[in-house]
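This report concerns only the one structure given below.
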Amino acid sequence: MKRELLLTLTALLLAPLAGLRAADGVTPAKPNIILVMPDDLGYGDYACLGNPITHTPSVDAFKKESLLFTQFHVSPTCSPTRSALMSGRHEFKNGVTHTILERERMSLKTFTLPQMLKSAGYTTGIFGKWHLGDETAYRPENRGFDEVYIHGGGGMGQTYPGSCGDAPGNSNIDPTLWHNGKFEKTTGYCTDLFFAQAIKWMDARRAAKQPFFAYIPLNSSHHPLVVPEKYYQQYLGKPGISEQVAKFFGMNENVDSNFGSLLKQLRDWGIESNTLVIYIGTDNGGTEGVKIFNAGMKGQKGSVNQGGTRAPAFFRWPAGGIHGGTECAALSAHMDIFPTLAEIAGAKLSDEVKQQVEGRSLLPLLKDPQADWPDRLLVHHAGRWAKGKAEESKYRSSAIQNSRFTLVNNAELYDLKADPGEQTNVIADHPEVVASLRAAYDRWWTDVQPFLVNENVTDAPKINPMKELYWKQFGGGPDARMLKRMDPGSTDGAQCRCRQFFAALCLAHDPVGHPVPAAPLAVFPAPVGLVGHHHLLVALDHVLEFTAILHAGAGHRHMTDQCVRFIRRNVRLVAIMNLAVADREIRILIAAGFVSRLEGARRAACNNVASTSVQVFKIRPLRSSCRLTRASSFS
């Protein structure tokens, strides 16, 4: 009787794996699982996918051993993608609508991917960037991870008002990292350290014969672009490669080298065959590399065009019957990882979790890339609206797509089969498609509203949680200026963002004379504006939302006295932008087509606001387009 019961239980546990068999027909044991995801790369930042500059031999070789999903999508920015991966549903349903302002916190009601895998007998570890909440209840050690080795915030050394910030003075080189409940001061380069710790931990789990899930979401190649010279000097001097781009590619190459070392270690341990390795090429659209190669796509990080959400996703599992060197063009997404791993691991999901999960298991496609895959809809939304402005941001930076069409900002329709670069708006040609997509989007928007739990939080901490833990462990504390920068109620932290914003205005440019297409007012509505222009009225208490306001094309707020004083002191930075300060308001006149080009420049400015020899450009409006004309430079 006991033996019959044991056989029955064994059959039940192995049932989910029955459909996956190796080439010899033997059903594999429960596989180890490794998920690697770099930060801020793009689909076109890999040599095997067409980049003419970057050097990625490990990923290039891995592609030949893997199944590549070529139409795999992530979210436009960092925290949202990580949230969808961890939950199997759209990030908005986890309350994640931003990367800061407490809107990076993943709802505590969300049942996470590592919790699911632990229920199936896995041990779990994270190595790199979490970015889903730094307060105690939100940190990964309390969201299902047994092993935690991370930096804080959304970028190394970051400081934002409220909950999002890293250890004080942190850097990619010799970083201080949070390891299982305490900080460790390290020696080395961050990516090297994250992979080394992951390999050490996996080795221990292997020795203990425990199936493991190693999640390696890296901070490279996110700003700040700090990397030892040996990693990027080979890119300097190449056509079109600035020092910033060289550092970006250097960080990318370092990730590739570490990934290759990890794959070699799996072979040396003899566990390569029954380890499922998933490599998602980026957490959002490209950044520094798009100016070199963007795989023919429109858009980048922060955009809802294909260049802002499409990511290469490689799956390798020899014992599971995945054939290397194959591709799958099925429309797929980050939210599919959760149900895929649940099915592979044999996890039993509660009815509540089944309702949570919106993604589809990719298991049929892992077995057969040409398997039947009914068409579906994916919604992309950049979020990042000003506080209290969710409802009026319904269509701003939004897109809904199926495998053929994408409806962008409720105003542009692109046929992705005929026009993958999204150059021709065919909205007038397909009224039935537009009506169907609009109706589906309206239903989705209504559905997510009850889940936007972080929009009006009142419990934002006055000290970054990770900094507070650091000072508690090592002593010391914040000076008066740092206290103000961290305090959500202070104007000093906001003034710092204001400085970064205006530096971004000065850095944002194309080569002299390069035409910038004008955007129609339907896409960038402005309450005050001229044809082809937008007046922007922005306030210090919302300076963290400058990027969102610029993408929207307009915004009205009131300035604080402190911000006005700052603008007056720095008017030379933006005078050529038609800056006017009066009655506690700041008005900036920006040509329409210039708006969408500011995000990449903002990131560069945030990385090094004190850049020297900044090239300043003024905007000279034309009837249907505008050109950027060199005005002056300063140091």
Side-chain angles (χ1 to χ4, degrees), residues 13 17 28-38 58 62 82 85-86 112-130 139-152 174-220 254-280 315-320 337 341-342 344-347 469 473:
L13 289 171
L17 296 174
K30 192 174 293 188
N32 300 308
I33 303 168
I34 302 172
L35 172 55
V36 178
M37 184 175 68
S58 298
F62 189 69
R82 295 157 206 279
L85 278 174
M86 290 292 103
T112 68
L113 175 61
Q115 288 173 325
M116 176 272 290
L117 289 173
K118 281 171 66 68
S119 75
Y122 281 76
T123 182
T124 58
I126 177 174
F127 311 88
K129 173 177 171 176
W130 170 241
R139 287 198 299 269
E141 59 264 34
N142 296 311
R143 306 308 300 269
F145 283 104
D146 300 312
E147 175 79 6
V148 174
Y149 193 69
I150 62 169
H151 68 81
D174 299 340
T176 299
L177 300 174
W178 182 252
H179 187 200
N180 295 338
K182 66 178 182 180
F183 279 107
E184 292 182 0
K185 295 186 176 183
T186 67
T187 301
Y189 186 61
C190 57
T191 307
D192 301 337
L193 293 166
F194 291 138
F195 272 99
Q197 184 65 27
I199 289 171
K200 178 181 177 182
W201 177 80
M202 285 186 280
D203 193 24
R205 304 287 74 74
R206 176 186 68 89
K209 300 188 183 302
Q210 294 177 304
F212 59 77
F213 169 59
Y215 177 44
I216 311 176
L218 303 162
N219 66 307
S220 289
N254 174 256
V255 170
D256 184 84
S257 176
N258 275 286
F259 182 57
S261 297
L262 169 62
L263 298 177
K264 180 180 183 302
Q265 193 64 70
L266 296 177
R267 288 193 295 272
D268 293 345
W269 287 336
I271 63 172
E272 175 185 51
S273 181
N274 199 34
T275 297
L276 169 60
V277 180
I278 304 171
Y279 185 96
I280 300 176
F315 291 71
R316 190 188 76 176
W317 183 18
I337 298 296
L341 297 186
I344 289 173
L469 289 167
Q473 180 176 337

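These values consider heavy atoms only, across backbone and side chains, with no hydrogens, waters or symmetry-generated copies. Owing to the predicted nature of the structure, the values given are computational and were not obtained by experimental measurement.
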(request) Run the salt-bridge test on Arg205 and Glu147 with the 4.0 Å N-O cut-off and return the result as yes or no. (result) no
(request) Please name the pair of heavy atoms, one in Pro217 and one in Arg82, separated by the smallest distance, quoted to 0.1 Å. (result) CB-NH1, 3.5 Å
(message) Just checking Trp201 against Tyr149, ring centres under 6.0 Å apart?
(response) no
(request) Taking Thr123 for its side chain and Asp146 for its backbone only, find out whether a donor-acceptor pair lies under 3.5 Å. (result) no
(request) Give a yes or no answer on whether the side chain of Thr112 reaches the backbone of Gly144 with a donor-acceptor pair at less than 3.5 Å. (result) no
(message) Check whether Asn219 reaches the backbone of Lys129 with its side chain - one donor and one acceptor, N or O, closer than 3.5 Å.
(response) no
(message) Treating Lys30 as the side-chain partner and Tyr122 as the backbone partner, does any N or O pair qualify as donor plus acceptor under 3.5 Å?
(response) no
(message) Run Asn254 and Asp192 through side chain to side chain donor-acceptor pair (under 3.5 Å) and show every step you take.
(response) CA-CA 8 Å; Asn254 174 256; Asp192 301 337; 3.1 Å; yes
(message) I need the minimum non-hydrogen distance between Pro38 and Ile280, along with the two atoms involved.
(response) CD-O, 3.2 Å
(request) List the atom of Val148, the atom of Pro140, and the distance in Å for their closest heavy-atom pair. (result) CG1-CG, 3.8 Å
(message) Any non-hydrogen side-chain atom of Pro114 less than 4.5 Å from a side-chain atom of Met86?
(response) yes
(request) May I have the step-by-step check of side chain to side chain contact (heavy atoms under 4.5 Å, CB included) for Leu276 and Leu35, ending in yes or no? (result) CA-CA 8 Å; Leu276 169 60; Leu35 172 55; over 6 Å; no
(request) Give a yes or no on whether the ring-centroid distance for Phe259 and Phe62 is below 6.0 angstrom. (result) yes
(message) Less than 3.5 Å apart, any donor N or O on the side chain of Glu141 or Trp178 sitting next to an acceptor on the other?
(response) yes
(request) Could you pull out the closest heavy-atom pair between Gly260 and Ser58, with the gap in Å? (result) CA-OG, 3.3 Å
(message) Test your reading of the model: is there a side-chain donor-acceptor pair from Asn274 to the backbone of Ala29, 3.5 Å cut-off?
(response) yes
(message) Between Asp174 and Thr187, is there a side-chain donor-acceptor contact under 3.5 Å, judged purely by atom types and distance?
(response) no
(message) Between Gln473 and Phe183 (side chain of the first, backbone of the second, donor and acceptor by atom type, cut-off under 3.5 Å), is there such a pair?
(response) yes
(message) Test of understanding: with side-chain hydrogen bond (donor to acceptor under 3.5 Å, both in side chains), list the residues that count as partners of Lys200, not counting sequence neighbours.
(response) none
(request) Classify the ring geometry between Phe194 and His151 as parallel (under 30°), tilted (30 to 60°) or perpendicular (over 60°). (result) tilted
(request) Decide yes or no for Tyr215 and Met37: does some side-chain heavy atom of the first lie under 4.5 Å from some side-chain heavy atom of the second? (result) yes
(message) Is a donor from one side chain sitting under 3.5 angstrom from an acceptor on the other, for Thr191 and Asn258?
(response) no
(request) Would you mind reporting whether Leu113 and Leu85 have side-chain heavy atoms less than 4.5 Å apart? (result) no
